[in-house]
Structure formats: structure tokens, C-alpha cells
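So that the names make sense, note that chain A is the first sequence line, chain B the second, and so on, each numbered from 1.
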Protein chains: 2
Amino acid sequence: MAELETDPIVRLTGALDPRGGWSASRCTIAKAIDVVGNRSAFLILREAFYGTTRFDDFAARVGVTESVAAARLKALVDEGLLVKRPYREVGERTRYDYHLTEMGADFFPVLTALMQWGERWREPAGVQLRHRDCGAPVHAELRCDQGHPVTVREIDLVPKSAAGTAQAAAADSED
Amino acid sequence: MAELETDPIVRLTGALDPRGGWSASRCTIAKAIDVVGNRSAFLILREAFYGTTRFDDFAARVGVTESVAAARLKALVDEGLLVKRPYREVGERTRYDYHLTEMGADFFPVLTALMQWGERWREPAGVQLRHRDCGAPVHAELRCDQGHPVTVREIDLVPKSAAGTAQAAAADSED
DNA sequence: CAGCTGACTATTGTTAACCATAGTCAGACC
DNA sequence: GGTCTGACTATGGTTAACAATAGTCAGCTG
């Protein structure tokens with residue numbers, strides 16, 4: 001019953017153990033999903049990372065109606081992931097295109113991780129992400145701030161209020 | 001107009017450039033979203049990584065009705081991310097709990113990346129992921145198979161059919 | 001067999017996401 | 001002002017996701 005030693009789960013620590021004493025009612029993941037937790041948002045962001053900027057291209061390449069593209073683009077602009085900028089080609093009227101903001105750019109690891117998961121477990125993609133300088137495939141992975149690669153089984157879930165304590169304890173052991 | 005030099009986007013290469021010559025109609029991301037692209041799936045998986053295994057705990061901790069929990073748990077079992085196992089406590093009848101499979105475990109980087117994005121841009125979480133051995137915070141990042149940290153601007157999107165060619169070219173330049 | 005109780009199933013209703021389609025608007029040019 | 005056309009807005013309809021609630025079922029024990 002409950003979690004097995006071999007289960008790929010994080011370890012709860014401090015006030016978070018036992019799990020029964022709390023619940024993550026409005027956690028960060030839930031808040032992120034409120035903004036981007038729908039199909040068209042994910043796919044529009046994917047297209048933005050591929051360099052798509054124009055309204056009709058977004059609608060066509062994502063495969064949604066113009067009304068859906070309009071609503072979603074507006075929402076992503078309102079939320080700050082995209083910014084709408086005017087441009088003007090000679091002989092044409094002012095139009096607007098959509099560019100990723102820093103907030104939008106920070107979403108790329110999510111898309112990469114999702115693509116990676118889908119690559120392995122759903123269906124291999126027809127494309128691949130590669131590091132331009134060395135040509136090696138790119139993937140999302142977990143690392144700690146010391147640079148160690150980390151698996152989920154090596155991870156502790158720590159309450160923020162106790163974070164300082166754990167840091168101090170680690171510093172002491174280094175002394 | 002179109003993409004700026006400074007835009008945080010990948011570079012399209014080979015048959016993928018120009019972008020107008022193709023579209024990612026049923027890409028890997030879209031296929032992944034078909035399975036997990038709803039709020040309750042994300043949150044149930046989050047709970048599974050926190051060690052939740054029992055039906056009533058999933059429903060309560062995620063904050064959905066039992067019927068939603070049942071439907072989503074079933075779907076995640078059918079898709080292979082969770083497995084349903086019987087257990088029996090003394091004096092009680094056989095019950096079942098839900099455990100992550102390897103396929104489910106591979107979803108953790110997606111959740112971590114999403115949490116990271118939400119942490120920075122939505123609202124800081126009350127908890128933190130830390131590397132057990134050294135105590136440092138854990139994050140999702142992009143790396144190439146050679147171990148280089150990579151930003152989105154340093155990434156090429158390569159067609160799979162051309163991937164071997166790029167590899168061979170890289171090998172030649174090493175000779 | 002009856003009782004218990006956790007894990008669903010069933011039903012009705014709401015809302016968000018999305019489709020198809022028609023219509024309007026804005027910003028240029030002539 | 002008229003025309004053009006890309007970017008929406010509006011409308012009616014469908015579907016998936018979800019809530020609230022009642023009911024059924026399964027696997028034990030006594």
C-alpha cells in the first residue's frame with residue numbers, strides 16, 4: 001500500500017511529511033495551467049518558438065479557426081507571454097504581429113520537456129532540436145543549482161519556510 | 001515584421017526553412033496534449049509524484065469530484081502513465097492504489113518545468129524541490145547530449161530525415 | 001446473509017474550448 | 001469617398017471537462 005521504495009516520487013520533508021497534513025490546493029502548477037492549460041495555447045506557443053508571428057499563420061499552422069486564434073492570442077498577450085507589435089510593409093497598411101516576451105520564452109523548457117515525453121511515449125516527431133554549435137540533440141533535464149543531474153527519486157520536496165534551515169545545515173556540514 | 005534577430009526562437013534548418021513550406025499538423029506536442037492536456041490530469045500526476053496512491057486522496061488533494069477523479073485515473077491507467085495495483089490491509093477488503101509507471105515518471109520534467117515557469121511568472125510556490133545529497137534547489141534546464149547548457153536561441157530545429165546528415169557533417173569536421 | 005465502506009457509475013447541469021460561418025472594422029491606397 | 005484585405009467580432013452549435021448529487025457495486029467481516 002501507499003508509496004513503494006521503488007516508486008519514482010519525491011520525498012516529502014519537514015512540515016510536508018506526512019502528506020496528509022496539507023494539500024496543494026492552489027499550487028504553482030495549477031496557476032500555470034490556468035493560463036496555458038489548453039490545447040490551442042500550447043500549440044500557439046510552439047508556433048511562436050518556430051518563428052511564426054502573423055495572425056493568419058498562427059491560425060493556419062495550429063489548425064484552429066480564426067476566432068479561436070484571436071481569442072487565444074489576445075489571452076496570451078494579456079497574460080504577458082506574447083506582445084503585439086505594429087509593422088508596416090511598403091504599400092500596405094499597418095498590421096500587427098506577435099512576438100514572445102521573456103515570460104513567453106521561459107515557457108520553452110515546458111514545451112521541450114513535453115515534446116521529449118511525447119517523442120518517447122506517444123509518437124516520434126518528424127523533427128529534432130539540436131545544439132547549433134556542436135550538433136548534438138537537445139533535451140530537457142533536471143539539475144540542481146550545483147550542476148548535478150538529478151532524478152525524481154533524489155529529490156526532496158521542502159517547505160519554503162524551512163528552505164533556509166536546510167541551506168544552513170548544508171553550510172554547516174561544509175565547514 | 002516576422003521574427004527579429006533577438007527573438008527567443010529556434011532556427012529552422014533544411015527542409016523546415018522557410019517555415020511556410022510545412023506545418024506541424026499532428027506534432028508530438030499535440031499528441032502529448034491529447035493524453036494529459038487537461039487540468040485534472042496534470043494535478044493528479046503532481047499528486048502521484050508527491051506519493052499519493054489512494055483514490056480518495058487523489059480526489060481530495062486535487063480538489064475534484066470523485067467522478068472526475070475516477071474518469072481521469074482510469075484514463076491515465078489506460079494510457080499507461082499509472083498502474084492500478086491491489087493491496088490489502090489486515091481486516092479489510094482488497095483495495096487498489098495507483099502508482100506511476102516509467103511512462104508516468106518520465107512526465108516529471110514537464111511538471112518541474114511548469115512549476116518553474118509558474119514560480120517565476122505566476123506566483124511563487126510554498127514548496128521547493130531540492131537535491132537530497134547536496135541540498136541545492138532543482139530546476140529543469142535544456143542541455144545537449146554533449147552536456148552543454150543550451151538556450152532556445154542556440155537551437156536548430158532539424159528534420160529527422162536530415163538528422164543523420166548533420167551528424168555525419170559534424171563527424172567530418174572532427175576528422 | 002447483512003452490514004459496512006471505499007470506489008466507482010449514472011444523471012443532470014454548467015462552463016470552457018472549439019468549430020463553422022457571417023459580418024464588421026481598421027488602415028492603407030487610389 | 002470607395003475599395004481592398006487582414007484581423008478580428010458575433011452567433012449558433014458541439015464537445016470535453018467539470019460540479020453536485022444519488023445510486024450501485026465489490027470485497028471483506030461477523
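Ring geometry for B:Phe42 against B:Phe107 counts as tilted: the plane angle lies between 30° and 60°, on a 0 to 90° scale.
For A:Phe55, the listed nucleotide lying nearest its side chain is D:dA7; candidates were C:dA17, C:dA20, D:dA7. Distances from the side chain of B:Asp56 to the nucleotides C:dA7, D:dT9, C:dC8 place C:dA7 closest. Comparing C:dA28, D:dC8, C:dA7 by their closest approach to the side chain of A:Ala70 singles out D:dC8. In the set D:dA7, D:dA17, C:dC18, the nucleotide with an atom closest to the side chain of B:Asn38 is D:dA17. Comparing atom distances between the A:Arg72 side chain and each of D:dC8, D:dC18, C:dC18 picks out C:dC18 as nearest. For B:Val64, the side-chain atoms get nearest to D:dA19 when compared with the rest of D:dA19, C:dC8, C:dC18.
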(request) Walk me through it: do B:Gln128 and B:Glu119 pass the test side-chain contact (heavy atoms from CB on, under 4.5 Å)? (result) CA-CA 10 Å; B:Gln128 192 172 38; B:Glu119 170 83 31; over 6 Å; no
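Contact between the side-chain N/O atoms of B:Ser40 and the OP1/OP2 oxygens of D:dC18 is found at a separation under 4.0 Å. Residue B:Arg95 has no polar side-chain atom (N or O) positioned under 4.0 Å from OP1 or OP2 of C:dC4. Considering only side-chain N and O atoms, A:Arg39 lies nowhere under 4.0 angstrom from the phosphate OP1 or OP2 of C:dA16.
Between the side chain of A:Glu92 and the main chain of A:Glu89, no donor-acceptor pair closer than 3.5 Å is present. Formation of a donor-acceptor pair under 3.5 Å by the A:Arg132 side chain with backbone atoms of B:Ile155 is found in this model.
If you measure from atom NZ of B:Lys74 to atom P of D:dA17, you get 14 Å, rounded to the nearest angstrom. Atom CG in B:Leu76 sits roughly 17 Å away from atom C1' in C:dA7 (whole-Å rounding). Separating the CZ atom of B:Arg54 from the C1' atom of C:dA7 is a distance of 11 Å, rounded to the nearest angstrom. A straight line from CZ of A:Phe58 to P of C:dC18 spans 15 Å, rounded to a whole angstrom. If you measure from atom CD of A:Glu66 to atom P of C:dT24, you get 16 Å, rounded to the nearest angstrom. Remark: C1' of D:dA7 and CD of A:Glu92 are 14 Å apart, rounded to the nearest angstrom. If you measure from atom CZ of B:Phe42 to atom C1' of D:dA17, you get 14 Å, rounded to the nearest angstrom. As rounded to whole Å, 11 Å separates atom C1' of D:dA26 from atom NZ of B:Lys84.
Across the interface with DNA chain C, nearest-nucleotide mapping of A:Thr65 and B:Ala71 shows B:Ala71 to be the residue nearer the 5′ end. Positionally, the nearest nucleotide of DNA chain C for B:Leu73 lies more toward the 5' end than for the other of A:Ala41 and B:Leu73.
A:Gly37 comes within contact range of no nucleotide atom at all, as no heavy-atom separation falls under 4.0 Å. Counting non-hydrogen atoms under 4.0 angstrom, A:Ser67 reaches a base of the nucleic acid. At a threshold of 4.0 angstrom between heavy atoms, the contacts of B:Tyr98 are confined to the sugar-phosphate backbone, with no base atom among them.
Side chain A:Arg93 to base D:dG6: a donor-acceptor pair is found below 3.5 Å.
Ring-centre distance between A:Phe108 and A:Phe49: below the 6.0 Å cut-off.
Scanning all heavy atoms of the two residues, the minimum distance from B:Arg130 to B:Pro137 falls at NH1-CD, 4.0 Å.
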